[in-house]
Amino acid sequence: MLALVAGGGVFAQSNLESDPLDAAVSAAPAWQELADLMQAEAPQDVAAFYAGRDYQPLFMANDAELARGVIDALDQQRAHALPEWVERMQPLSRHVAAALDGQLTAEGELAFANAFVALGKSRLAGVVVPTRLSADMHVFPPEIEARDLLSDLAASADPIRHIVNLSPDHPDYAPLLELRADLEQVVANGGWGAADIPSGPSVGPGERDSRVPAIRARLAALGDIEEGRVTARAADPDAFDDTPLDAQPLPAGAETVSGSAQSSNLMDEATVAALKAFQIRHGLNDDGVVGPKTLAALNTTAGDRLQQVMVNLERIRWTNWDLEEKQIYVNLPDYRMFLREGGEELFTTRVVIGLPKHQTVEFSDTMTHMVVNPTWTVPRSIATEEILPALRRNPNYLNENNMTLIDDGTGVWTPPDTSLINWDNFSQSYFPWWVRQQPGPGNSLGNVKFMFPNQFAIYLHDTPSRSLFARDARAFSHGCVRVADPTGLAEMLLSPQASDPLAEFERHRATGRETTVNLNSRPAVHIDYRTVWIDDSGQVQYRDDIYGRDALVLDALQELGVRVGMAQG
């Protein structure tokens, strides 16, 4: 049996099997050197971990096996789109060399403990602090305790594998690691084509355009057409279909691309089918038309996609949600919300989110209730910046929109007929009322709002403006989230507490009165910002960086030393 004994600041190996008495005598002071160093220099939680194991080395024992495992893991930081910490490597390597030469220093043990903790925290919680980038990124990565990291490693039946596999427990993480590696290879090989597809007028099914061969070539480079066949999957016919613009199956006879068609300038059925599948994977309406948004997506480089994947790996590391819990998940760049429970998708619908100048905040909360036939107390900014100018143009605006003025406490008298007010006497800085819209068909919140009280005054709600849900880019609100199928969501939320949840909702709605309905089963609400993920069929889904937040994260990663490469091809 090999033990480590202190002496002159160095742990030396001695064979204790030969004399049990010598072993007992040597055991008492064996870890004093490490104890002194830990108490003097180690972070408190690291020192507490070692105190709990009588200061027995973890990383430098057994020919520094775990120390070498840490070095190997640090070598893989680039694959995780994390800082490589090159400056750590040489000192750590010297400690390993000394250990293999029989010189197991206390300094080496502490160095590897600190390195492993830094490694674990970066892998499990990321390195960027979201709240420092934007007030609209109200996201808090999990707090990883050093003592927990070290204890889990020490208790592992296969500690080397434990170090290698250190990563978030999220179903997208490993696939995105593979995608990052694949894209890096694509970039190294020249990308998806030497030149962009030229701009020009929209081109759709059955039309001819000189750019069609280039469009077809890009679809082939992206894998949507391969060896004369459409390879991309159309939308799942059993998936939720909340608008007629959602994906449809490939048209009959569109499965093959003939050799002559490869060079044709005709948008034939097979090319259109591949284009539709491409549009679905990029969150675009699958109309088979190459318009500005589809052209921009086709021309996005492999290097840009690589950077996008790297940012989304970091975003996953910020996530510490229980994926099995009941939750409402809103992905802002996808313009869609989901109700999930037990990891299964129960309901989904399109949403409209905040304009770029009124960005919807990323945050998590808990939904507590819904309000049927809601009144709408207009935010002060909307009242003064939008309604006041409307009143100057049309003094009867309030009456026409079922709105009233509410005294804000200043005692200002309001005449019964607000059309008699001279609105030129008021301004953004002097508007002594709140504006409230009563329930009714024209109410901006529609028939119901879904509440998860928060500091941002954001909630989900119905809307009388239905046409916007048909668009592929749906950032039009002042920050709240408009829901395409609010009745369906209400029914799902009421199902745990009502035998006929739809009838229960309709009963409240039919009264015309504002009614609060508390939820017995309260789902978590996560408003997220993911621009790359892997869907249930294994397809990569890409979305636009609508608010520019991916760009902020990418810049922060670069400042922290992450190599993001050059966008090519």
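Any value given below was found using the heavy atoms of this structure, including those in side chains, with hydrogens, waters and symmetry copies removed. Residue numbers start at 1 and run along the sequence shown.
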Gap separating the CZ atom of Arg507 from the CG atom of Asp500, nearest 0.5 angstrom: 11.0 Å
Nearest heavy atoms of Trp376 and Ser444, plus distance in Å: CZ3-OG, 3.4 Å
Min side-chain heavy-atom separation Arg509-Val448 under 4.5 Å: no
Nearest-0.5 Å distance that lies between atom CH2 in Trp434 and atom CZ in Arg380: 4.5 Å
Where Pro464 and Gly442 come nearest, the two heavy atoms and their spacing: CG-O, 4.1 Å
Main-chain N/O of Thr349 paired with Asp485 side-chain donor or acceptor, under 3.5 Å: no
Any side-chain heavy-atom pair of Leu149 and Lys121 under 4.5 Å: yes
Euclidean distance, Thr319 OG1 relative to Arg317 CZ, rounded to 0.5 Å: 10.5 Å
Heavy atoms of other groups near Asn425 CG, more than 12 under 6.0 Å: yes
Beyond-backbone contact of His461 with Pro374, side-chain heavy atoms, under 4.5 angstrom: no
Of all pairs that satisfy ring pair (Phe, Tyr, Trp, His ring centres under 6.0 Å), the ones with a partner from residues 510-535, not counting sequence neighbours: Trp321-His526
Thr271 and Asp268 side chains, donor-acceptor separation under 3.5 Å: yes
Nearest-0.5 Å distance, CE of residue Met492 to CG of residue Leu339: 5.5 Å
From CA spacing to verdict: salt bridge (charged side-chain N to carboxylate O under 4.0 Å, His left out), Lys293, Asp544: CA-CA 10 Å; Lys293 288 187 176 66; Asp544 287 342; over 6 Å; no
Asn443 CG to Glu514 CD distance, which is reported to the nearest 0.5 Å: 9.0 Å
Ion pair check, Asp322 and Lys326, cut-off under 4.0 Å: no
Main-chain N/O of His369 paired to Asn518 side chain as donor or acceptor, under 3.5 Å: no
Nearest atoms (heavy-atom pairs only) where Gly479 meets Ser477: N-OG, 3.0 Å
Close side-chain approach of Val272 and Met267, heavy atoms under 4.5 Å: yes
Evaluation steps, side chain to side chain donor-acceptor pair (under 3.5 Å), between Asn373 and Thr515: CA-CA 7 Å; Asn373 301 319; Thr515 304; 5.3 Å; no
Among Leu166, Leu313, Leu177, side-chain contact (heavy atoms from CB on, under 4.5 Å) partner for His80: Leu177
Closest approach of Cys480 to Ala457 (non-hydrogen atoms, all atoms of both residues): SG-O, 3.5 Å
Geometric class of the His358/His478 ring pair [parallel <30°, tilted 30-60°, perpendicular >60°]: tilted
Non-hydrogen side-chain atoms of Tyr397 and Met403 separated by less than 4.5 Å: yes
Taking every non-hydrogen atom, the tightest pair across Val483 and Met337: CG1-SD, 4.5 Å
Polar contact flag, side-chain donor to acceptor under 3.5 angstrom, Asn401-Gln437: no
Donor-acceptor contacts, no H, no angles, side chain residues 387-395, under 3.5 Å, sequence neighbours left out:
unit_1: Arg392; atom_1: NH2; unit_2: Phe426; atom_2: O; d: 2.5
unit_1: Asn394; atom_1: OD1; unit_2: Asn396; atom_2: N; d: 3.1
unit_1: Asn394; atom_1: ND2; unit_2: Glu400; atom_2: OE1; d: 3.0

Qualifying residue for side-chain contact (heavy atoms from CB on, under 4.5 Å) with Arg530, from Val311, Ile316, Asp334: Ile316
Leu519 side chain near Met370 side chain, heavy-atom distance below 4.5 Å: yes
Any donor-acceptor N/O pair, Asn454 side chain to Phe456 backbone, under 3.5 Å: yes
Straight-line distance of Leu493 CG to Arg522 CZ, nearest 0.5 Å: 12.0 Å
Worked check of side chain to side chain donor-acceptor pair (under 3.5 Å) between Gln308 and Asp550: CA-CA 7 Å; Gln308 199 173 347; Asp550 273 10; 4.7 Å; no
Any donor-acceptor pair under 3.5 Å from Thr375 side chain to Pro439 backbone: no
Backbone N/O of Gln327 and side chain of Arg340: donor-acceptor pair under 3.5 Å: no
Verdict with supporting geometry, Arg543 and Thr531, side chain to side chain donor-acceptor pair (under 3.5 Å): CA-CA 5 Å; Arg543 298 295 184 268; Thr531 58; over 6 Å; no
Test item: Asp224 side-chain N/O and Ala277 main-chain N/O as donor-acceptor pair under 3.5 Å: no
Criterion side chain to side chain contact (heavy atoms under 4.5 Å, CB included) on Ile406 and Trp433, from CA distance to verdict: CA-CA 5 Å; Ile406 307 298; Trp433 298 284; 5.9 Å; no
Check: Val128 main-chain N/O paired with Glu314 side-chain donor or acceptor under 3.5 Å: yes
Any Ile215 side-chain heavy atom under 4.5 Å of Phe278 side chain: no
With Arg180 via salt bridge (charged side-chain N to carboxylate O under 4.0 Å, His left out) - residues at least two apart: Glu184
Note, Val203 side chain near Pro201 side chain (heavy atom, < 4.5 Å): no
Non-hydrogen atoms of Pro205 and Val289 that approach each other most closely: CD-CG2, 4.1 Å
Exercise: do Arg123 and Ser167 side chains pair donor with acceptor under 3.5 Å: no
Check: Thr463 main-chain N/O paired with Arg482 side-chain donor or acceptor under 3.5 Å: no
Under 3.5 Å: donor-acceptor pair, side chain of Tyr335, backbone of Gly283: no
Donor-acceptor contact below 3.5 Å, side chain Asp286 vs main chain Ile280: no
